[in-house]
Every structure is written in structure tokens, then in C-alpha cells.
**Student:** 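Before we start, here is the structure in question, set down as C-alpha cells.
Residue indices begin at 1 and follow the sequence shown.
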Amino acid sequence: MRVERTKLDGMLLFVPEPHHDDRGLFTRTFDAAVASAHGLDAAAFLQDSQSRSRYGTVRGMHGRSGRGEGKLVRCARGAVLDVVVDARPGSSTFGQHVTVRLDDETFTTLFVPPGMLHGFQSLTALSDVCYRINREHDPSEDLSVRYDDPDLRIPWPLPVAAISDRDLAAGPWSALRARLTR
């Protein structure tokens, strides 16, 4: 398994090396020793969740206040464009974003550090996204920013086919930025 860093400090991509043969394939999607070698405490991840989305659906942009929330994200079925925005006020990449394609062919797993906003768009008929999260969910700490905020300029590749009312009602990046930098 190869590990790559991104331009957002602390964000990692775990890229497996699938073994293909006449039966199909086998791959390791997580390895605690590899995670540990890159500063992650594998035992700290407390919750696994999964979402299923149809083509063009956007989920996000979500984050957590307080201690934040670290998560490992992978696409187990189909493909998504995954987006991470650095919402850590002291970071040199505050307000910048990274996009990564996650799919069921490369099995890349993305580590999203605490203090980031996260979202994705489904690129296939159906996509299943799996999350391994290192904190219990506390709705009082939820943060969100509108997916199409003009200051963030996230390059969603498809017209939005579906989005939740909650995500449509999310506030602008400027309001969250002001709140975080007070």
C-alpha cells in the first residue's frame, strides 16, 4: 500500500495495490500498521458508516466544530469526486480545497483530518461511500457550507441531480470563515 500526501497538511491518500486474477480481485482497503506509520491511531476510529448515492448527487460540505472529526473515506461501489476544504484557521492552506476521485477500481482511501469540510458527488449510476470516523456524532457540533459557494469555487463535474434540503440551506463560506477566525 502506497501513501501519498496532498497539498492540505495532514490529508493522506492510502492507495492499495489490488491483485487481479481470473476470479476477479483482492485488495487490502485498510492496514493499521501502515496507518500507524503515518501518524494515525487505527484504534481511535469508532464508527463505520456508509451512504449510497445516485448519479449526480452531491453530499456536503460538512465538518465538525470542537475537536473536529477525522475520517477515512473510500468508495466501495462506483465512483465519486471527493472534495475536502481546509477549515482550520491556523493552517497555511486555510480555505483551499483538494478534489480526489475515489472509486471501486483503485480502492484509494482518503484520510480527512479534523478541521476539514468534506463532501462528494456521485459520478456513476450508484456509488457507495464508506466512512470510518474517529468520534461519536454530536449534532450540536455540525458545520456546513453550501456546496456551490462562489468563494470556494469547487469544480463539481456534473449538474447536481439531488441534494438534501439541509445542504441547500447551508450558509456561505464567508460566514463560517468569520466564525472560525474570531
**Student:** Return the minimal non-hydrogen interatomic distance between Ala79 and Ser127, and the atom names on each side.
**Tutor:** O-CB, 3.8 Å
**Student:** Quick one: does Gln121's side chain have a donor or acceptor within less than 3.5 Å of a partner on Gly56's backbone?
**Tutor:**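 Looks like yes, one N/O pair under 3.5 Å.
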**Student:** Answer yes or no: is there a donor N or O on one side and an acceptor on the other, between the side chain of Thr99 and the main chain of Asp82, under 3.5 Å?
**Tutor:**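 Checking the backbone N and O of Asp82 against the side chain of Thr99, no donor-acceptor pair under 3.5 Å is found.
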**Student:** Look only at the side chain of Asp104 and the backbone of Gly78, and say whether a donor-acceptor pair between them is shorter than 3.5 Å.
**Tutor:** yes
**Student:** Is the backbone of Pro172 close enough, under 3.5 Å, to the side chain of Asp149 for a donor and an acceptor to pair up by distance?
**Tutor:**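 No, the answer is negative, given that no donor and acceptor are paired below the 3.5 Å cut-off.
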**Student:** So do the side chains of Gln50 and Arg77 get within less than 4.5 Å of each other, counting heavy atoms only?
**Tutor:**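 No, their side chains stay 4.5 Å or more apart.
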**Student:** Measuring from atom CG of Leu8 to atom OG of Ser91, what distance do you get when rounded to the nearest 0.5 angstrom?
**Tutor:**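 Going from the CG atom of Leu8 to the OG atom of Ser91 covers 7.0 Å.
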**Student:** Using the rule that Ile, Leu, Val, Met, Phe, Trp and Tyr join whenever any side-chain heavy atoms are under 4.5 Å apart, tell me whether Phe120 and Leu12 fall into a single cluster.
**Tutor:** no
**Student:** Side chains of Ser122 and Arg52: does their closest heavy-atom pair fall under 4.5 Å?
**Tutor:** no
**Student:** Heavy-atom distance under 4.5 Å between the side chains of Pro18 and Phe107, does that happen here?
**Tutor:** yes
**Student:** Would you please say whether a donor-acceptor pair under 3.5 Å links the side chains of Thr6 and Glu4?
**Tutor:** no
**Student:** Would you say the side chains of Arg59 and Ser53 form a donor-acceptor pair under 3.5 Å?
**Tutor:**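 Note: Arg59 and Ser53 side chains meet the donor-acceptor criterion.
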**Student:** Mind listing the closest non-hydrogen atom pair of Gly70 and Pro114 along with its distance?
**Tutor:**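 Minimum heavy-atom separation between Gly70 and Pro114: N-CG, 3.8 Å.
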**Student:** Can you tell me how far apart CG (Leu72) and CG (Leu40) are? Round to the nearest 0.5 Å.
**Tutor:**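 Those atoms lie 6.5 Å apart.
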**Student:** With a 4.5 Å limit on heavy-atom distance, are the side chains of Asp86 and His97 in contact?
**Tutor:** no
**Student:** Does some side-chain heavy atom of Arg67 sit less than 4.5 Å from a side-chain heavy atom of Arg135?
**Tutor:** yes
**Student:** Using the ring of each side chain (for Trp, its six-membered ring), is Tyr131 parallel, tilted or perpendicular to His118, with breaks at 30° and 60°?
**Tutor:**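 Geometry flag for His118 against Tyr131: perpendicular rings.
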**Student:** Which distance, rounded to the nearest 0.5 Å, do you find between the OG of Ser49 and the NZ of Lys71?
**Tutor:** 9.0 Å
**Student:** For Thr29, is there any backbone N or O sitting under 3.5 Å from a side-chain donor or acceptor partner on Thr27?
**Tutor:**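 Side chain of Thr27 to backbone of Thr29, a donor-acceptor pair under 3.5 Å: no, none is there.
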**Student:** Same cluster or not: Phe14 versus Val98, using hydrophobic residues (I, L, V, M, F, W, Y) connected whenever any side-chain heavy atoms lie under 4.5 Å apart?
**Tutor:**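 They do not share one cluster, since no chain of ILVMFWY contacts under 4.5 Å joins Phe14 to Val98.
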**Student:** Do Leu126 and Leu102 belong to the same hydrophobic cluster, where Ile, Leu, Val, Met, Phe, Trp and Tyr are linked whenever their side-chain heavy atoms lie under 4.5 Å apart, directly or via other members?
**Tutor:**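 They do not share one cluster, since no chain of ILVMFWY contacts under 4.5 Å joins Leu126 to Leu102.
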**Student:** For Met61, what are the other residues in its hydrophobic cluster, where any two members join if their side-chain heavy atoms are less than 4.5 angstrom apart?
**Tutor:** Tyr55, Val58, Leu81, Val83, Val85, Phe94, Leu117, Leu123, Leu143, Val145, Tyr147, Leu152, Ile154, Trp156, Leu158, Val160, Ile163, Leu168, Trp173, Leu176, Leu180
**Student:** Can you check whether Leu13 reaches Val3 side chain to side chain, under 4.5 Å on heavy atoms?
**Tutor:**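 Counting from C-beta outward, Leu13 and Val3 never come under 4.5 Å.
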**Student:** Would you find more than 12 non-hydrogen atoms of other residues, nucleotides or ligands less than 6.0 Å from Asp142 atom CG?
**Tutor:** yes
**Student:** First locate atom CZ of Arg74, then atom SG of Cys130, and finally report the distance between them rounded to the nearest 0.5 Å.
**Tutor:** 4.5 Å
**Student:** Mind checking whether Met11 and Val129 sit in one hydrophobic cluster, side chains of I, L, V, M, F, W, Y counted as touching below 4.5 Å?
**Tutor:**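 In one cluster: yes.
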**Student:** Determine, using the 4.5 Å side-chain heavy-atom cutoff (strictly less than), whether Val100 and Met116 are members of one ILVMFWY cluster.
**Tutor:**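 Yes, because Val100 and Met116 connect within a single hydrophobic cluster, where side-chain heavy atoms sit under 4.5 Å apart.
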**Student:** I'd like to know whether Lys7 forms a side chain to side chain contact (heavy atoms under 4.5 Å, CB included) with Gln96, so could you lay out the CA-CA distance, the side-chain angles of the two residues, the decisive distance to 0.1 Å, and finally the verdict.
**Tutor:** CA-CA 9 Å; Lys7 75 175 186 179; Gln96 294 181 32; 3.5 Å; yes
**Student:** Looking at Arg54 and Thr124, would you say the former's side chain and the latter's main chain have a donor-acceptor pair under 3.5 Å?
**Tutor:** no
**Student:** Walk me through it: do Leu46 and Ile133 pass the test side chain to side chain contact (heavy atoms under 4.5 Å, CB included)?
**Tutor:** CA-CA 6 Å; Leu46 307 175; Ile133 302 165; over 6 Å; no
**Student:** List the steps, then state whether side chain to side chain contact (heavy atoms under 4.5 Å, CB included) holds for Asp151 with Ser174.
**Tutor:** CA-CA 8 Å; Asp151 291 334; Ser174 60; 4.1 Å; yes
**Student:** Donor-acceptor pair, distance only, cut-off 3.5 Å: does the side chain of Ser164 make one with the backbone of Asp167?
**Tutor:**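 Yes; judged by distance alone, with no hydrogens or angles, the pair exists.
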**Student:** Between Glu69 and Val112, is the side chain to side chain contact (heavy atoms under 4.5 Å, CB included) condition met? List the steps.
**Tutor:** CA-CA 8 Å; Glu69 170 183 85; Val112 181; over 6 Å; no
**Student:** State whether Glu141 and Arg64 are salt-bridged, where the test is any N-O pair (Lys NZ or Arg NE/NH1/NH2 against Asp/Glu carboxylate O) under 4.0 Å.
**Tutor:** yes
**Student:** Say whether, by atom type as modelled, one donor and one acceptor occur between the side chain of Arg101 and the main chain of Val80 under 3.5 angstrom.
**Tutor:**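 Such a contact is absent between Arg101 side chain and Val80 backbone.
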